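Protein chains get the first letters and strands the later ones, always in sequence-line order, with residue 1 at the start of each. These values consider heavy atoms only, across backbone and side chains, with no hydrogens, waters or symmetry-generated copies. All of these numbers come straight from a predicted model, not from anything done at the bench.
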Amino acid sequence: MTAAKPKTLYDKIWDAHLVEEAEDGTALLYIDRHLVHEVTSPQAFEGLREAGRAVRAPGRTIAVPDHNVPTDPDRAAKLDSNEESRIQLEALDRNARDFGVHYYPVDDIRQGIVHIIGPEQGWTLPGMTVVCGDSHTATHGAFGALAHGIGTSEVEHVLATQTLITSKSKNMKVQVDGTLPPGVTAKDIVLSIIAKTGTAGGTGHVIEYCGEAIRSLSMEGRMTVCNMAIEGGARAGLIAPDETTFDYVRGRTHAPKGAQWEAAMAWWQTLHSDEGAHFDKVVTLDAAEITPVVTWGTSPEDALPITGAVPDPASFEGGKVDSAKRALEYMGLKAGTRLQDIAVDTVFIGSCTNGRIEDLREVARVMEGRRVKDGIRAMIVPGSGLVRAQAEEEGIAQKLQEAGFEWRQAGCSMCLGMNPDQLAPGERCAATSNRNFEGRQGRGGRTHLMSPAMAAAAAVTGRLTDVRELA
Amino acid sequence: MDKFDKLTGIAAPLPMVNVDTDMIIPKQYLKTIKRSGLGKALFDEMRYLDDGSENPDFVLNQPAWRDSEILVAGENFGCGSSREHAPWALKDFGIRCVIAPSYADIFYNNCFKNGILPIALPQAEVDALMEEARKGANARLAVDLEAQTVTTTDGREIRFEIDPFRKHCLLNGLDDIALTLEKAPAIASYEDRVAAERPWV
Ligand code: SF4
C-alpha cells in the first residue's frame with residue numbers, strides 16, 4: 001500500500017463535506033453554516049413558500065439584517081424613511097420567524113454585519129463549510145473554514161436541502177514571507193496581493209494564505225485578508241487554524257465546550273496542508289516590500305503604494321487601457337498626480353473588511369493627540385453592536401468622537417450605499433471597505449480603498465496620506 | 001428553471017473588461033423582494049443620463065441593439081457581488097446568452113440557475129464576435145447548446161466548452177432543488193455519520 005496522497009487544507013475540508021460526487025465532478029457538498037441577510041434572501045424564502053418546502057436545518061441557519069439598516073444613533077426613527085428598505089427588513093423578520101432560524105433583529109445588540117457576527121458569536125468554526133448570499137463570505141476562511149458567496153437560487157437550495165451543488169475549485173497558494181514593516185497592515189497585504197494577481201488572478205481557485213506574515217496576523221487581520229479573496233477573483237480564501245484561531249474561538253457563545261471542545265481541537269489540529277500537497281498556482285510576496293497602499297481607480301486591483309502617482313492609462317495593456325482611461329475620468333484624476341496630493345471630503349471606517357474592534361483601536365492609535373480636519377465628514381461604523389459596545393467600554397468611542405468622528409450604529413453603511421449613508425456625486429472618500437466600483441458608495445461617488453490607519457491619516461490631513469509620516 | 005436550447009438573435013457589443021455586478025445592476029435596485037421587473041434597470045448608470053433620460057451613446061439604447069438577446073463582452077464579466085439580480089436583470093431585458101473570454105465564478109453559476117447561457121471563448125474568438133456584433137441586426141448569431149456551437153451569419157461555426165451536468169440541466173430546464181431532494185436519504189445518512197464524528201458542528 002502506498003502512503004495517502006498529501007492533501008491541501010482545502011482538499012481536507014472538501015472531502016469532509018462530500019455527500020456525493022458524480023464522475024463528471026459535480027458534487028453535493030454539505031453546508032454547516034448558512035448565513036442569511038435581507039437583500040439576497042427574500043426571493044429564496046418566497047420560493048420555499050411557493051413550493052411548500054421547509055428549511056432543512058434551521059439550527060444551522062443564521063439571519064441578520066445589515067445592508068439596508070440605517071446606522072444613525074436613532075435609527076429606529078429612520079427605518080420608516082425608505083419604503084423599499086422597510087419592506088425588505090420586514091420580509092427578513094417574517095421569514096426568520098416563520099422558518100424558525102437563528103435571528104438577530106435590528107434592535108438586538110448582537111446585530112451587525114453578517115460576516116462580523118458569525119465569527120463573533122462562535123458560529124464560524126475551523127473546518128466548516130459556510131455559505132451566504134454575499135460574496136464577502138470569504139471572510140470566514142480566516143478560521144480555516146471553506147466559506148464562499150452564493151446566489152439567491154443557491155440560497156434557496158441550501159435552505160431546502162442544506163447542501164450545495166458545486167464542483168471543486170483548484171488549489172492556489174499565496175505565501176507572504178517575512179515581517180511587515182511598521183505602519184503596514186493586513187489591508188495593505190491583501191491590496192498588494194490583488195495588485196499583483198489582478199481581480200481575476202484567483203478565478204476558479206481557492207486560495208490558501210500562508211507564510212510568516214500571515215501567521216503573525218491577529219484573527220481580525222486574517223479576516224481582512226480573506227474578506228478580499230473574492231476581490232482577487234478566488235472562490236474562497238483560507239488560513240490554516242492555529243493557536244491564534246483557537247484562542248479567538250474559545251469561549252464564544254456557540255463554540256463547543258468541555259469534551260466537545262477537546263474533540264473538536266483534535267480534528268482542528270489536523271487542518272493544514274500536508275507536506276508536498278499540490279497547488280495549481282503559487283504566488284509569493286515578501287512582506288518587507290509591502291508598503292501602505294491606496295487604490296486610485298475603480299477596481300481593487302488599481303492599488304499602488306501611497307508614495308506613488310496616478311498611472312498613465314497608456315502604460316497598461318489590452319482592454320485595461322480603456323478601463324484605466326474610464327477609471328481616471330470617473331475618479332476625476334489626472335495621470336501623474338501624486339497620490340498624496342489627492343484631497344478627500346469623506347472618511348468611512350467600517351465594513352466587514354475593517355469594522356472590527358482591532359480596526360477601531362488602530363484608528364484610535366493614529367488619532368491620539370490629533371483631530372479630524374475641519375470640513376471633513378468622518379464616520380466610524382462598528383461592524384456589530386458588540387464591537388460598538390466594546391469600543392465604548394474601552395473608551396475608544398468617546399476619544400474618536402472628541403476627535404471629530406461620527407459614531408454610528410452597526411451595519412454595512414457606506415460600504416455600498418443601500419442605506420441612507422451615501423456619497424453625493426463627485427464626493428471623494430477614503431474608505432476601509434473592499435470595493436471601489438463606480439457608484440458603489442453612491443452614484444458618482446469616488447472611493448479610495450485603504451487600511452483603517454491610512455483612512456485615519458486621511459481624516460487628519462484631508463488628503464491621501466502616508467500614515468508613516470504622521471507618526 | 002428555464003430551458004435553453006437554441007437561440008438566434010442580435011448580439012450587443014460591450015467591449016469592456018471587468019464588467020462588475022454593480023454596473024449590471026446598481027444596488028438601489030436590490031431592494032425588491034421579487035425576481036422580475038429588473039430589465040429597465042439593467043446597466044442603469046451607463047444606460048441613463050442624470051436626468052433619467054436614455055443615454056443615446058449606450059449600445060442597448062441604439063436602434064440596432066435594442067432587441068439584443070446576446071451580449072458580447074470582455075474578460076472577467078460579472079465580477080463583484082453575488083447578487084442574482086444581475087442575471088435577473090439581464091434576462092428581464094431579454095439577454096439569454098453572454099459571450100466573454102472569462103467570468104467571475106458566482107455570476108457564472110447564477111446564470112445557469114436562470115436559463116442564461118454564459119459562453120466562454122478564447123479572446124481572439126470573442127474579438128471576432130465583437131466585430132460581428134457591431135453590425136447589429138445585420139449579424140445575428142446562432143447559438144446551439146446541444147451542439148455547443150456559435151454560428152456567425154457567414155456560416156462560421158465556433159465550438160465552446162461547457163460542463164456536461166450544467167448543459168443537461170439547462171437543456172431540460174431541470175429544477176436543482178427537486179433533483180437534490182430526491183437524494184434526501186444520502187443527505188440524512190451523511191448527517192448521521194457527521195453527528196457521530198464531529199458532534200460539535
Ligand atoms: S460591509 Fe459591504 S462588503 Fe461587507 S457585507 Fe456589507 S455591503 Fe457587503
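- Heavy atoms closer than 4.5 Å to chain B are found in the side chain of A:Thr26, but not in its backbone.
- Of the inter-residue distances, the one linking A:Leu159 atom CG with A:Arg60 atom CZ reads 13.5 Å to the nearest 0.5 angstrom.
- For a residue to count as touching a neighbouring chain, one of its non-hydrogen atoms must lie under 4.5 Å from one of that chain's; by this rule B:Pro199 touches chain A with backbone and side chain alike.
- Residue contact with chain A, scored on non-hydrogen atoms closer than 4.5 Å, involves the backbone of B:Tyr103 exclusively.
- Within the 4.5 angstrom heavy-atom criterion, atoms from both the backbone and the side chain of A:Arg440 approach chain B.
- Of the atoms belonging to A:Ile150, it is backbone heavy atoms, and not side-chain ones, that fall under 4.5 Å from chain B.
- Only the side chain of B:Glu191 comes within contact range of chain A, with heavy atoms under 4.5 Å apart.
- Residue A:Lys170 qualifies as open at atom NZ: its count of foreign heavy atoms under 6.0 Å is 12 or below.
- Only the backbone of A:Ala44 comes within less than 4.5 Å of a heavy atom of chain B; no side-chain atom from C-beta onward does.
- Your options are B:Leu181, B:Thr180, B:Val194, B:Asn18, and the one with the most heavy-atom pairs under 4.5 Å with chain A is B:Thr180.
- The residue among B:Asp176, B:Asp50, B:Thr32, B:Val201 with the most heavy atom pairs within less than 4.5 Å of chain A is B:Val201.
- Taking 4.0 Å as the cut-off between side-chain N and carboxylate O, B:Arg66 and B:Glu54 count as a salt-bridged pair.
- The parts of A:His17 that come within reach of chain B are both its backbone and its side chain, each placing non-hydrogen atoms under 4.5 angstrom from that chain.
- Of all heavy-atom pairs spanning B:Ala73 and B:Val126, the tightest one is O-CG1, 3.5 Å.
- No part of A:Asp322 comes within reach of chain B, as not one of its non-hydrogen atoms sits under 4.5 angstrom from that chain.
- B:Asn110 places a side-chain N or O within donor-acceptor distance of the main-chain N or O of B:Ser82, the cut-off being under 3.5 Å.
- Using a 4.5 Å cut-off between heavy atoms, A:Asn434 does not touch chain B at all.
- Salt bridge absent: A:Arg94 and A:Glu90 never bring a charged side-chain N and a carboxylate O closer than 4.0 Å.
- When each of B:Lys183, B:Gln123, B:Met16 is scored by its heavy-atom pairs under 4.5 Å with chain A, the top score falls to B:Lys183.
- Only the side chain of A:Ser323 comes within less than 4.5 Å of a heavy atom in chain B; its backbone stays farther off.
- Between atom NZ of residue B:Lys91 and atom CG of residue B:Leu38 there is a gap of 11.5 Å, rounded to the nearest 0.5 Å.
- Only the backbone of B:Lys34 comes within less than 4.5 Å of a heavy atom of chain A; no side-chain atom from C-beta onward does.
- Only the side chain of A:Ala91 comes within contact range of chain B, with at least one heavy atom under 4.5 Å from a heavy atom of that chain.
- With a 4.5 Å cut-off on non-hydrogen atoms, B:Ala86 does not touch chain A at all.
- Cation-pi geometry between B:Arg166 and B:Phe112 is met: the NZ or CZ atom falls under 6.0 Å from the ring centre, inside 45° of the normal.
- Not one N or O on the side chain of A:His34 forms a donor-acceptor pair closer than 3.5 Å with the backbone of A:Val130.
- A:Thr163 touches chain B through its side chain: at least one heavy atom from C-beta onward sits under 4.5 Å away, while N, CA, C and O do not.
- For residues 33-48 of chain A, every residue pair satisfying the salt bridge (charged side-chain N to carboxylate O under 4.0 Å, His left out) rule, not counting sequence neighbours, is listed here: A:Glu46-A:Arg49.
- Looking only at heavy-atom pairs under 4.5 Å with chain A, the residue among B:Lys31, B:Glu84, B:Arg193 that has the most is B:Lys31.
- Environment of NZ in A:Lys257: crowded, with over 12 heavy atoms of neighbouring residues, nucleotides or ligands closer than 6.0 Å.
- In this structure, A:Arg435 contributes its side chain and A:Cys415 its backbone to no donor-acceptor pair below 3.5 Å.
- Contacts of A:Met418 with chain B are made by both backbone and side-chain atoms, with heavy-atom separations under 4.5 Å.
- Only the side chain of B:Asp175 comes within contact range of chain A, judged by heavy atoms closer than 4.5 Å.
- Across B:Gln28, B:Arg35, B:Lys113, the residue that shares the most heavy-atom pairs under 4.5 angstrom with chain A is B:Arg35.
- Taking chain B as the reference chain and counting heavy-atom pairs below 4.5 Å, the highest number among A:Gln260, A:Gln88, A:Gln43 is found for A:Gln43.
- Proximity to chain B involves both the backbone and the side chain of A:Ala16, based on heavy atoms less than 4.5 angstrom apart.
- Interface summary for chain A: among B:Asp44, B:Ile177, B:Leu179, the most heavy-atom pairs under 4.5 angstrom belong to B:Ile177.
- The residues A:Asp32 and B:Arg198 are annotated as not salt-bridged, no charged nitrogen and carboxylate oxygen being separated by less than 4.0 angstrom.
- When atom types are taken as modelled, the side chain of B:Asn114 and the backbone of B:Ile116 share no donor-acceptor pair closer than 3.5 angstrom.
- Using a 30° and 60° split on the angle between ring planes, A:Trp267 and B:Trp200 fall in the tilted class, from 30° to 60°.
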